[in-house]
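Computed from a predicted structure; not experimentally measured.
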Amino acid sequence: MGRKEDNIKRAQAIIHDKPRIRNIGTAAHIDHGKTTLSDSLIAGAGMISEELAGTQLFMDYDEQEQARGITINAAIASMVHDFDGKQYLVNLIDTPGHVDFGGDVTRAMRAIDGVIILDDAVEGVMPQTETVIRQAIKERVKPVLFINKVDRLINELKLDADRMQQRFVKIITEINARIQKLLPDELKGPWALNVESGNVAFGSARNKWAISVPYLKKTGITFKDIYKYLSEDNQAELSKRAPLHQVVLDMVIRHLPNPLEAQKMRIPVIWKGDPESPVGKAMLTVKENGPVAFMITKIIVDPQAGEVAAGRLFSGRVQRGQELWVSGMPKPQRVQMVAMIVGPDRIPVEEIDAGNVVAAIGLKDAIAGSTVSDDKEMQPFEPIVHYSEPVVTVAIEAKSTSDLPKLVDVLRSIAKADPSIEVEINQETGEHLMSGMGELHLEITQYRIVNDYKVPITASTPIVVYRERVRGAGGPFEGKSPNKHNRFYVEVEPLGEKVVAAIHDGEIASGQRIKDAKALQKQLQDLGMDRDEARNVVWIRETNMLLDVTKGIQYLNETMELVKESFIEAMTKGPLGQEKCMGMKVRIVDAKLHEDSVHRGPAQVIPAVRSAIYGAMCQGERTLMEPIQKLFLNLPQDVMGAVIGDVQSRRGVIEDIRQEGEATTIAAKVPVAAMFGFATAIRGATQGRVLWSTENSGFQPVPGELQHEVVKGIRERKGLSAEPYDEAYYTA
Ligand code: GDP
C-alpha cells in the first residue's frame, strides 16, 4: 500500500474521535506563501511526493488557478500527523489569496476552528493580514502565527542574528496588537501570541523548515545553529533537522482547538437558535447521535460528479442514502455520496461524524452558506458576512443562439457556487449581467464559462457598479398619487456612518422582518440614533433605512406594506442613474390618505411614495458614489517614479510609502473606474517587476466635476433620458 493510501486509512480511523481532530486553515496577504505552506504540509504528511510539493501547487488544482498562480477556491485536504505518540487528523482548508475573492475566505473561516496566519518576514504586516485576522476573530477562529520566508532576511536583507530577532519581535508585536484589539476580554489572555508557549513559528515554506521555541527546546537546536545553516545556504540540512510539517503541525495540535473545545465557544457566535433545543445542545457538545447540523461553505462544481456540497458538520452524522433538508427548501434531498476530500480527490466513505469537514453529493438545492439538517425546522446559521461586495459588471451573451438556455443554467450554477458573483438573467434580450468583486474575478469566471462549461460567450468591457446617496438633508417633500387622493411627505438624509457600518458587518440584520424591535431600538440608540427614530424603523434594505415617524395617521398602517415596497424599489433604482442607493435614511413624516382602500392601491401609493423619496433626494443633493480599491504595490526602487505617475494618473491617492532595503511598498487608494487596464500598463512600465494586489474599500462620492459626465454615461447605457429628472418633475 502506498503512503497516501495508508494515510487515508488512518484518517478514516480518526474521524470518530473528536479530541484527535483539528479543522484548520491558512490565511495571509497575497504571496506570503499560503499555497506553498499547504503543499509542503501535505507533502510532509505523505499525501503527495515531497519533491513535487512547492512546484506542483497541490492545493491550486484548478487549471485556471495554476495558470495564474493564485489560489481562488478554498480546497480541502485531510492529513494525519503523529504527536506525542498519538495520531491526529488535520483537515486543512485552503483559503483564497486574492482579496478579489474575499467572499470565499469568509466562508472558509466558518468551517474551521483555527487558522495559521502567515506573514512574510520581509514584507511584514500588510493591510490584508489585518483583514484576515478580523475575519478569523469575528468567527471565533483561533490564530497561530507562522513567520514565513525567513531565508529572505539573510539572502536579501543580509540581517545579522540580532537584527533578525528584532524583526521577529516587531512582527509578533504588531500582529498581536491587531488580534488583541478585536478579542473579547476573556480571550485576550488565552489567545495572545507568545513565542515561549509556541503558538508562533518561523521558517521557510518553500525550503520546508521551521522552528518554534518548544521545538528548539525538545531537540537542542539553537538559534545560532539556525542562523549558521541559513548563512551557509544549507537549508536542505536544516529541513532534515527541523522539518516544516513536524514543527507547524505540532503547533497546530498543541494550540488550536479540537471540535469539542471550539464548538462550545463558536456555536453561540455563529448560530442564534436556542442553545437548550436538541440541535443547540448537540452542536455545543458535537454529538453524533443528534440532529444533523451541516453548514455548507463551498460548492465544488465537478464536470463528472456535478455539484459537490462541502462544509462543516457541527452535529449528527451524514450517511449515504440519508434524506436531508436544505433550509428554506420545500422538499428533502437524498445524499448520494459522502466523502472526505484530499486535494482534488474525494474519498467515498459510508458516513462522517460531527466535528469533521464533509463533502456530499446530491444536495442540489444547497448553495455556499446553506444550512442543512435532518430537521426541517432547524434555525439556520447566521448569514456569513461579506467584507466585499460586487463592484464591477460585465454583460454576457452566448455566441450561438442554440446555447441560450444552457448559458442561463450555467450562470445560475456559478452564482450558487460563488455567492460573490451576482447574476441578473434577462431572458428577453439574452444579455445577462454578471457582477463580481473585481476585473480579475470576472475574467476568471468568464474563462470558466468557456472552458469548463463549454459555452462560447462574448462579454462587454467591464462596467463599474455605482451607488447613489445624498450629501445632506432634503424634504419634507410631497409626493402625490396619480389620482391626487393620497399624499406622502418624506424627508431624507445620510444614515449615520456607525449605523451603516453595523448593517454592513451584519450586526444589524437587513432585508428581513424585524424580529425584536426593542433590541434594535437599543442597538440603534447605542450607535447614536435619536430615540424617537430608533423605535420607528419599518424596514432596512441593504444599508438603507425606512422610518415612520408620523403619529396617528388614519389608514397609514394598512398602507405601510405598499410604502415599504415603494421604498425598496426606490432604493434599488436611485434617481440619478437607477443605481442602488446606499446609506440612506428615509423618513415618512406625514401622509394624507383616501378613506376608501380602493383609491389607495399599489398603482396609487407606489408612485406617490417614490416621487416623495426622489424629490427629497433632489433637495438633499443627490450624489453618485463610486467604488474605491486599496492598492498595494511592492516594487524595486528604480521604477518607483513610473509607478507613482501611473497611479496618480488614475486619480489615485498615495497613502503610504515604505522603504525596506531594495524594496519599496506603496499603499494607495484608486477608484475602480480608473483601475481598468492597470495590470497591463504596470507590467509594461516595469518589465513585470511589480507585485500588486487590491482590496475593495467601500464607496466615495464621484468628484463633483466628473459626476455629470458619469451619470450621463450610465443613463445612455441604460437607454434613459440623458439628464436625470429634477425637483419640479417630482412635484407635478
Ligand atoms: P500565496 O499567494 O500566499 O498562496 O503564496 P504562494 O505560496 O503562491 O507563494 C508566493 C511566492 O513566494 C512564490 O513565488 C513562492 O515560491 C514564494 N515563497 C513561498 N515560501 C517561500 C519561502 O519560504 N522563501 C522564499 N524566499 N520564497 C517563498
Side-chain angles (χ1 to χ4, degrees), residues 1-26 38-39 41-48 58-59 61-62 73-82 87-95 107-108 110-114 245 249 252-253 256 258-259 262-263 286 288 292-302 304-322 324 335-363 366 368 372:
M1 192 160 48
R3 195 162 164 221
K4 180 170 161 182
E5 286 72 29
D6 185 36
N7 269 311
I8 290 168
K9 279 258 143 52
R10 296 201 294 163
Q12 285 182 14
I14 304 173
I15 57 178
H16 305 292
D17 189 12
K18 290 164 204 70
R20 290 195 289 147
I21 298 170
R22 300 290 183 276
N23 295 306
I24 66 155
T26 57
S38 302
D39 285 350
L41 291 179
I42 294 165
M47 304 311 266
I48 45 171
F58 189 73
M59 293 295 264
Y61 58 80
D62 204 86
N73 291 323
I76 302 169
S78 305
M79 53 200 156
V80 176
H81 181 64
D82 291 321
Q87 294 185 337
Y88 289 82
L89 176 65
V90 178
N91 294 314
L92 174 67
I93 300 191
D94 192 33
T95 53
R107 283 188 294 279
R110 179 61 58 88
I112 61 182
D113 300 325
H245 71 280
L249 292 180
V252 163
I253 308 286
L256 295 181
N258 68 43
Q263 286 187 207
V286 204
E288 61 266 9
V292 171
F294 182 23
M295 163 109 197
I296 308 298
T297 51
K298 177 150 191 78
I299 305 288
I300 303 161
V301 182
D302 179 302
Q304 271 91 47
E307 287 173 10
V308 182
R312 168 71 175 265
L313 183 60
F314 287 98
S315 71
R317 185 178 273 149
V318 175
Q319 292 167 310
R320 193 160 62 92
Q322 185 180 23
L324 293 176
V335 178
Q336 287 152 9
M337 179 174 136
V338 184
M340 301 173 64
I341 305 183
V342 184
D345 300 327
R346 280 184 302 277
I347 316 297
V349 289
E350 277 304 307
E351 56 178 42
I352 297 192
D353 281 356
N356 282 285
V357 173
V358 178
I361 296 178
L363 301 172
V372 174

CD of Gln12 to CG of Leu89: how many Å apart, nearest 0.5 Å?
10.5 Å
Side-chain contact test, heavy atoms from C-beta onward, threshold under 4.5 Å: evaluate it for Glu288 versus Lys18 and give yes or no.
yes
Interatomic distance, His16 atom NE2 to Asn356 atom CG [nearest 0.5 angstrom]
8.5 Å
Sidechain-backbone polar pair: Arg22 side chain, Leu256 backbone, donor-acceptor under 3.5 Å:
yes
Minimum side-chain heavy-atom gap Leu92-Val252 below 4.5 Å:
no
Taking side chain as C-beta onward, heavy atoms only, is Val318 less than 4.5 Å from Val292?
yes
Heavy-atom side-chain contact between Asp113 and Arg312 under 4.5 Å
yes
Under the 3.5 angstrom rule, does the side chain of Arg320 hit a backbone N or O of Val338 as a donor-acceptor pair?
no
Between Gln263 and Phe314 (side chain of the first, backbone of the second, donor and acceptor by atom type, cut-off under 3.5 Å), is there such a pair?
yes
Taking atom OH of Tyr88 and atom CG of Asn258, what is their separation to the nearest 0.5 Å?
9.0 Å
On a heavy-atom basis, which atom in Val358 and which in Phe294 lie closest, and how many Å separate them?
O-CZ, 3.8 Å
List the atom of Gly311, the atom of Thr297, and the distance in Å for their closest heavy-atom pair.
CA-OG1, 3.5 Å
Would you check if Val335 and Gln319 make a side-chain contact, meaning some heavy-atom pair closer than 4.5 Å?
no
Do Asn91 and Ile112 come close enough that some side-chain heavy atom pair is under 4.5 Å?
no
Identify the two heavy atoms, one from Val308 and one from Ala359, that lie closest to each other, and give their separation to 0.1 Å.
CG1-CB, 3.8 Å
Check: Ile15 and Asp353 side chains under 4.5 Å, non-hydrogen atoms:
no
Over all heavy atoms of both residues, which pair between Ala366 and Ala309 is shortest? Give the atoms and the distance, please.
CB-CB, 4.4 Å
Could you walk me through whether Leu249 and Asp82 pass the side-chain contact (heavy atoms from CB on, under 4.5 Å) test, one step at a time?
CA-CA 9 Å; Leu249 292 180; Asp82 291 321; over 6 Å; no
Below 4.5 Å, heavy atoms only, C-beta onward: do Gln336 and Ile361 meet side chain to side chain?
yes
